[in-house]
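Accompanying notes for the structure given below.
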Amino acid sequence: MNKRKEPSTPAARESQEQGSNLKKCFVVTPIGSGDSATRRAADGLINSVLKPLLERYGYKVYVAHEISLTGSITRQVIQHVLEDDLVIANLTELNPNVMYELAVRHCSKKPIITLAEDGTKLPFDIADERTIFFTNDMRGVVELTPALEAALDELGGSAAVDNPVVRAGQDAVIERMDQQDAQSILVDRLDRIEYLLSRIPVRGLARSLMTVVELEVVGTEKDIRNFASSIRRIHQVVGIEPDLIRGGRAVMRVIARRDISESMVLKLAEDLSVEIASFKHMDT
């Protein structure tokens with residue numbers, strides 16, 4: 001039986017791993033040169049803590065100074081930062097390259113875990129972001145592992161990505177909402193609240209005194225919303241529950257303190273440029 005031949009070079013092994021089912025994690029870290037204290041600290045953290053733990057969680061770990069494929073290292077680093085399933089950023093020393101790659105990862109809106117050695121003073125714009133601080137000694141290794149496990153478990157639970165870029169984008173969307181959009185949202189919320197309140201038994205008010213009508217309304221979303229608001233004001237409606245408006249059509253259940261006649265509804269619909277596809281009284 002022929003044994004599977006293992007790739008003979010790091011470049012070949014990485015190419016083969018890219019086709020596997022392993023998730024990818026890129027470690028962003030200050031590197032330093034040769035046998036410098038920065039390089040020793042980075043390699044110690046990666047080899048003693050990050051790689052063993054991440055491999056247990058099904059990740060293949062990549063680090064910039066270990067990439068051995070030919071071509072632009074800078075381009076390959078950016079591709080890892082943008083595309084890998086997870087990035088772990090070591091902010092110790094506040095290395096400019098690390099801070100740049102952190103910003104790029106934030107823009108990708110993908111998961112990132114940030115670490116920093118105790119005593120690192122983070123810049124104000126990321127000082128409030130969740131960061132795992134560790135001590136660079138043997139005890140620190142023991143203490144860091146469960147903190148990383150908790151962060152990885154949270155990612156496994158599909159926690160929403162949160163960072164300054166994501167929040168800025170959400171704020172921009174809110175600011176772009178025009179007044180009409182805001183009014184529509186408020187009307188929908190009020191209608192829903194009124195409907196729920198109408199289903200609570202009220203002392204001294206018999207349900208038999210209420211009228212419940214189910215309508216199928218056809219028109220533009222704006223016209224349907226205007227119709228719902230108008231019928232709520234005109235017919236002493238205590239609750240209205242429109243379904244989602246899909247394809248210019250919505251089904252709504254209207255609850256009122258007095259009778260709602262079909263002719264009244266049809267006249268209002270005509271005035272507001274919508275069509276009543278169906279009208280029926282429901283048992284209360």
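In what follows, residues are counted from 1 in the order of the sequence shown. Heavy-atom basis, side chains included; hydrogens, waters and symmetry copies ignored.
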Side chains of [X] and [Y], heavy atoms from C-beta outward: is any pair under 4.5 Å?
| X | Y | answer |
| --- | --- | --- |
| C25 | I88 | yes |
| E214 | V251 | yes |
| M99 | I126 | yes |
| E216 | I276 | no |
| L91 | V98 | yes |
| L45 | T29 | no |
| F279 | V217 | no |
| M138 | S48 | no |

Report yes or no: does [X] contribute a side-chain atom to a donor-acceptor pair with the main-chain N or O of [Y] at less than 3.5 Å?
| X | Y | result |
| --- | --- | --- |
| R249 | V218 | no |
| T145 | V141 | yes |
| D223 | V274 | no |
| T131 | T114 | no |
| R56 | K51 | no |
| R39 | S33 | no |

Rounded to the nearest 0.5 Å, how far does [atom2] of [Y] lie from [atom1] of [X]?
| X | Y | atom1 | atom2 | result |
| --- | --- | --- | --- | --- |
| F26 | E101 | CZ | CD | 6.0 Å |
| L94 | K121 | CG | NZ | 11.0 Å |
| I46 | E66 | CD1 | CD | 6.0 Å |
| Q79 | Y62 | CD | OH | 12.5 Å |
| K280 | L215 | NZ | CG | 10.5 Å |
| L155 | Y57 | CG | OH | 10.0 Å |

Handout entry: Cluster link V104 to L122, ILVMFWY, side chain under 4.5 Å
Key = yes
Exercise for the section: Tell me whether I31 is reachable from Y100 by hopping between hydrophobic residues (I, L, V, M, F, W, Y) whose side-chain heavy atoms are closer than 4.5 Å. Expected result: no
Exercise for the section: Given side-chain hydrogen bond (donor to acceptor under 3.5 Å, both in side chains), test T92 with N90 step by step and report yes or no. Expected result: CA-CA 6 Å; T92 304; N90 180 6; 2.7 Å; yes
Practice task
Report the C-alpha distance between T38 and S36 in whole Å, list the side-chain angles of each, state the deciding distance to 0.1 Å, and finish with yes or no for side-chain hydrogen bond (donor to acceptor under 3.5 Å, both in side chains).
Solution key: CA-CA 5 Å; T38 298; S36 65; 4.7 Å; no
Exercise for the section: Could you go through the side chain to side chain contact (heavy atoms under 4.5 Å, CB included) check for L86 and K23 one step at a time? Expected result: CA-CA 8 Å; L86 174 64; K23 295 176 288 186; over 6 Å; no
Heavy-atom pair of closest approach, residues [X] and [Y]:
| X | Y | result |
| --- | --- | --- |
| A42 | P30 | CB-O, 3.4 Å |
| D43 | H65 | OD1-NE2, 3.0 Å |
| I224 | G219 | CD1-O, 3.5 Å |
| P146 | V142 | CD-O, 3.0 Å |
| R105 | P111 | NH2-O, 2.8 Å |

Exercise for the section: Could you go through the side chain to side chain contact (heavy atoms under 4.5 Å, CB included) check for L152 and L54 one step at a time? Expected result: CA-CA 9 Å; L152 289 166; L54 288 163; 4.0 Å; yes
Completion exercise
When T120, L144, V49 are each screened for side chain to side chain contact (heavy atoms under 4.5 Å, CB included) with F134, the one that passes is L144
Handout entry: Note: R130-E154 ion pair, threshold 4.0 Å (strictly below)
Key = yes
Handout entry: Pair R139 + E143, salt bridge at N-O below 4.0 Å
Key = yes
Handout entry: Stepwise salt bridge (Lys or Arg N to Asp or Glu O under 4.0 Å) check, E221 with R225
Key = CA-CA 6 Å; E221 180 173 347; R225 292 186 186 282; 2.8 Å; yes
Exercise for the section: Verify the neighbour count for atom CG of D128: are there more than 12 heavy atoms of other residues, nucleotides or ligands below 6.0 Å? Expected result: no
Practice task
Take atom NZ of K267 as the centre, draw a 6.0 Å sphere, and report whether it contains more than 12 heavy atoms from other residues, nucleotides or ligands.
Solution key: no
Exercise for the section: Check the pair Y59, D84 against side-chain hydrogen bond (donor to acceptor under 3.5 Å, both in side chains), reporting the backbone distance first and the verdict last. Expected result: CA-CA 10 Å; Y59 288 93; D84 282 9; over 6 Å; no
Exercise for the section: Check the pair L50, L115 against side chain to side chain contact (heavy atoms under 4.5 Å, CB included), reporting the backbone distance first and the verdict last. Expected result: CA-CA 11 Å; L50 299 184; L115 314 174; 4.2 Å; yes
